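Report on one structure; see the data block that follows.
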Amino acid sequence: DIVADIPPYGEYNPGDLVADNLAAGLLVQEPPQFSDIIQDIACDQWGLYKDVFDSHEILYARVNSLRQPLETFDRIGVYVMPHKDVWMAGDSLVDVRTVGTHEMPIHALWNGIAGSLPLLQVRGRTEPDDPNPIVIWPGEYDMIVDVNRNSIYDPGTDIIDGGTQPGFVVPGKPPKVRFAASADVDFLSVYPNATKIWGVLVDSLGNFYEDIPVSFQIVYGPGALSADTSRTSANGQAFSNFTGATFGRGTLVRLDTIVDGELYSQYVLIFRKIPYAHNQGILIGG
């Protein structure tokens, strides 16, 4: 920490100024090396690192990298992933979309010179007019800072909150099948004015279900879908592009999937907030 000291000198007292109460004022880093960078990332809104979060708690990230990454960039991605005991080079980084989330992963500015990420809200904070609260499924998770933002894990460059132990835990028994529905805001799409609607399937251990059909159907409202059915990828994701939103009118989309003979359904409400020009999406069922 860098402290501007005023009389009485040599001790910290009211009136002394600290460069930054959360981030280190000066960080002396270890040199880069090709091995995992493991350290605390997940924290609360005051920047205090935590290993256990309530399912309705707001999730934040903060990093002071104790080792210089092999590569540094001005923008990074922050992912919340099912916990793995060992992360291998080239492993895909796919954010676990849970109830009420969209526009994931979080992209943020990275201070490569200082090796730090300021306090950043990653997930949570339900708005008063949201139909359902935002929750995180029970389970074990790792939070990963994708420093070179290439959506794969690179030892020595990316930073893990975890290692052989989970980065953080949400207490409770994970459901056998975790089926989430969410929608990106439309400026994330490569198609003009298109909103990508996601269905994601994860088992109780954090493994993704592959090659499972997910159906998409408009229950009411304007617009159209690019696909009625999509099969989940190796990352457990299926999607359909929605177009045709209008101001002041919402469109409800239903997602259905069958796993081991059991039907799972979720709903996403797509709407365009006035005066904003872009579509928004929020899960309203599940």
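Keep in mind the model is a prediction, meaning the values are calculated, not measured. One is the number of the first residue; the rest follow in order along the sequence.
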message = A side-chain contact here means heavy atoms from C-beta on lying under 4.5 Å apart; do Val177 and Tyr264 qualify?
response = yes
task = Using a 4.5 Å cut-off on heavy atoms from C-beta on, say whether the side chain of Gln39 contacts that of Leu66.
result = yes
query = Ser230 side chain to Ala238 main-chain N or O, any donor-acceptor pair under 3.5 Å?
reply = no
ask   = Is a side-chain donor or acceptor of Asp44 paired with a backbone partner of Gly47 at a separation under 3.5 angstrom?
value = yes
message = Between Asp85 and Thr164, do the side chains contain a donor N or O and an acceptor N or O under 3.5 Å apart?
response = no
inquiry  = Is it the case that the side chain of Arg254 and the backbone of Val219 share a donor-acceptor pair, with hydrogens and angles ignored and the cut-off at 3.5 Å?
reply    = no
inquiry  = Has Ser265 got a side-chain atom pairing as donor or acceptor with Asp256's backbone, closer than 3.5 angstrom?
reply    = no
message = Check whether Asp16 reaches the backbone of Ile6 with its side chain - one donor and one acceptor, N or O, closer than 3.5 Å.
response = yes
request  = Kindly say whether Val147 contributes a backbone atom to a donor-acceptor pair with the side chain of Asp158 at under 3.5 angstrom?
outcome  = yes
query = Would a distance-only check, ignoring hydrogens and angles, find a side-chain to backbone donor-acceptor pair under 3.5 Å from Asp91 to Trp87?
reply = no
query = So, the side chain of Thr232 versus the backbone of Tyr209: is there a donor-acceptor pair under 3.5 Å, distance only?
reply = yes
query = Would Lys50 and Glu57 pass as an ion pair if we require N to O under 4.0 Å?
reply = yes
task = Give a yes or no on whether the backbone of Ser35 and the side-chain of Arg67 come within a donor-acceptor separation of less than 3.5 Å.
result = yes
ask   = With a 4.5 Å limit on heavy-atom distance, are the side chains of Asn207 and Pro82 in contact?
value = no
Partner set under side-chain contact (heavy atoms from CB on, under 4.5 Å) for Ile38, not counting sequence neighbours = Asp36
query = Once the angle between the rings of Tyr141 and Phe168 is folded into 0 to 90°, is it parallel (under 30°), tilted (30 to 60°) or perpendicular (over 60°)?
reply = parallel
ask   = Do the non-hydrogen side-chain atoms of Pro118 and Arg62 ever get within less than 4.5 Å of each other?
value = no
query = Taking C-beta and beyond as the side chain, do Met143 and Leu59 meet within less than 4.5 Å on heavy atoms?
reply = yes
Asp146 and Val78, any side-chain heavy atoms less than 4.5 Å apart = no
